[in-house]
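A short write-up of the structure that comes next.
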Amino acid sequence: MNDLNQTMDFRHQYALDRDCTTLSRHVLQQLQSFSSEAQDLSALMSRIALAGKFIARRLSRAGLVEDALGFTGEVNVQGESVKKMDVYTNEVFISVFEQSGLVCRLASEEMEKPYYIPENCPVGRYTLLYDPLDGSSNVDVNLSVGSIFSVRRQDGEDLNGSADDLLQSGRQQIAAGYILYGQSTILVYSIGRGVHAFTLDPSLGEFILSQENIQIPDHGPVYSVNEGNFWQWEESIRDYIRYVHRHEGYTARYGGALVGDIHRIFMQGGVFLYPGTVKKPEGKLRLLYESAPLAFLMEQAGGRASTGTQEILDVIPDKLHARTPLIIGSREDVSLVESFIREENRDRQEQILTSKS
Ligand code: AHM
Ligand code: MG
C-alpha cells in the first residue's frame with residue numbers, strides 16, 4: 001500500500017460515519033439566523049441537553065451510587081410519593097439554568113409553584129416548563145424513563161409571582177421536546193420547524209443529529225394504554241378497546257413511561273391513550289408539563305393530540321397543574337378513538353332528550 005492509500009485507509013477507519021450536526025448548530029440552521037432570539041433558543045436547547053447528560057449519567061450508575069434509587073418518604077403536589085431521582089432531576093434543571101441569563105422561571109410537575117431565578121429575570125424572558133423524570137415508577141427496575149420540556153415566552157412582568165400568564169393554550173409554546181433515557185439517550189425537539197432526534201454519544205458527551213424531520217404514519221398498529229383501568233373508563237373507551245381486540249392488525253404496547261411509549265408511536269405510528277375515568281374524568285397526565293409539549297411535537301410530525309373532544313393545543317388550563325385526558329398519535333387512529341367518544345356523547349344526548357319528552 002502506498003502512502004496515499006495508507007492515509008485514505010486511516011481516514012476511512014477513523015472518519016465520522018455521519019455528518020456531525022450538534023444540537024446548538026441545528027437550532028441556528030433551522031432558524032437561518034444569528035438574531036438574539038435564535039441565539040437564545042440555541043443556548044436554551046444546549047442547557048436542556050446539559051441537564052439530559054447529567055440525568056443520563058446518574059441513571060446509568062443508579063445501582064452503584066448512594067441516594068439514586070427509592071423514595072424520599074415525601075408526597076409531591078400531585079399527591080404522589082416522591083422518588084429520590086425525582087428530586088435530583090428537578091434540581092438538575094434548576095442548576096443548569098441558574099446564571100444562564102435565559103430563563104426567569106421554571107415550572108415543574110414536582111413543584112407547587114414556579115421557581116424564580118431573580119438574577120435572570122431582567123433579561124431572561126423565557127419560562128421552562130418540565131416534567132423532570134417522567135415514568136419514575138420505572139427507575140427502580142432499570143426501564144426507560146424520560147424528561148419532557150416546553151419553552152414559552154414570558155408574557156408580562158409577573159410582579160406578584162402568580163405566573164397567571166402560563167394559563168394559556170399550548171399554541172403559545174415556542175419549543176418543546178423530550179429526552180428518552182433508554183438503550184441510548186435520545187433528545188427529540190421542535191421549535192415549530194419539524195421534529196428532530198439527537199442521540200447522545202457518551203464518548204463525545206455530545207448530542208448528535210440522528211433523525212431529521214420525523215413524520216408519523218397516518219395509521220399504525222400500536223395501541224398503548226393501561227388496560228388495567230378498563231372497568232374505570234367510560235363505555236366509549238371500552239368500546240374502542242373492544243374494537244381493536246376484534247380487528248386484525250393491532251398490537252398492544254405499554255411501558256409505563258409516557259416518553260418511551262410516545263417515542264415508539266412517533267417511530268411506528270399508532271395511538272397512545274391516557275383517558276379519564278368515570279371518577280376522574282380529567283385523567284392523570286398534566287397539560288403544561290406532559291400533554292401540551294407532546295402535542296406540539298405530534299402536530300409538527302403530522303399527527304394529532306386530542307382530549308377526545310378538543311385539540312390538546314387548544315386547551316386553556318385553569319391552574320398550573322391541570323390535567324387532561326390524552327389521545328395522541330397517528331391522525332387516523334386518534335380520529336377513530338374520537339368517533340367512539342362522539343357516538344357515546346350522541347347516545348347520551350338522545351337519552352336526555354327522550355327522558356325529557
Ligand atoms: P409521572 O410523571 O409521575 O411519572 O406520571 C406519568 C406517567 C406516564 O409516564 C405514564 O404514561 C403514566 O404515568 C403511567 O401511569 P399508570 O401507571 O397509571 O399507567
Ligand atoms: Mg410525567
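Atoms considered below: every heavy atom in the structure, side chains included; atoms not considered: hydrogens, waters and symmetry mates. Order of appearance sets the numbers: ligands from 1, and atoms from 1 within every ligand.
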Should the proximity of L258 to ligand 1, defined as any heavy atom under 4.0 Å, be assigned to the side chain, the backbone, both, or neither?
-> both
Atoms in ligand 1 flagged as close to D134, the criterion being non-hydrogen separation under 4.0 Å = 2 (O), 4 (O), 6 (C), 7 (C), 8 (C), 9 (O)
Atoms of ligand 1, numbered as shown, that sit under 4.0 Å from any heavy atom of S136 = 4 (O)
For residues A176 and F296, report the shortest heavy-atom separation together with the two atoms involved.
-> CB-CD2, 3.6 Å
Check: Y243 ring centroid to F340 ring centroid under 6.0 Å = yes
Nearest option to atom 2 (O) of ligand 1, as decided by whichever heavy atom of E109, E110, K83, K284 sits closest | E109
How wide is the angle at the Mg ion (ligand 2) between OE2 of E290 and OD2 of D131, to the nearest 10°?
-> 100°
Would you mind running through ligand 1 and noting each atom that sits below 4.0 Å from a heavy atom of E290?
-> 2 (O), 6 (C)
Just wondering, are more than 12 heavy atoms of other shown residues or ligands nearer than 6.0 Å to OH in Y116?
-> yes
Kindly give the atom name of the N, O or S atom of D134 closest to the Mg ion (ligand 2).
-> OD1
Salt bridge present between E227 and R238 (N-O < 4.0 angstrom) = no
Kindly state whether the ring of Y250 and the ring of H245 have centres lying under 6.0 angstrom apart.
-> no
Within a distance under 4.0 Å of any heavy atom of R286, pick out the atoms of ligand 1 and give their elements.
-> 1 (P), 2 (O), 3 (O), 5 (O), 6 (C)
Identify whether the distance between the nearest side-chain nitrogen and carboxylate oxygen of K83 and E74 falls below 4.0 Å.
-> no
From the options G135, G256, G255, select the one whose nearest heavy atom is closest to atom 10 (C) of ligand 1.
-> G256
For ligand 1, which atoms, with element, lie under 4.0 Å from some heavy atom of F272?
-> 11 (O)
Check each atom of ligand 1 against the heavy atoms of Y254 and keep those under 4.0 Å away; list them by number with element.
-> 11 (O), 12 (C), 14 (C), 15 (O), 16 (P), 19 (O)
Under 4.0 Å to a heavy atom of A257 - the qualifying atoms of ligand 1, by number = 9 (O)
Answer yes or no: is there an ion pair linking E80 with R286, defined by an N-O contact shorter than 4.0 Å?
-> yes
Mark up the atoms of ligand 1 that fall under 4.0 Å of a heavy atom belonging to Y274, in ascending order.
-> 15 (O), 16 (P), 18 (O), 19 (O)
Is the shortest side-chain N to carboxylate O distance from R242 to D239 below 4.0 Å?
-> yes
Counting only heavy atoms, which portion of D261 has something under 4.0 Å from ligand 1: side chain, backbone, both, or neither?
-> neither
Crowded around N142 CG? As in, over 12 foreign heavy atoms under 6.0 Å?
-> no
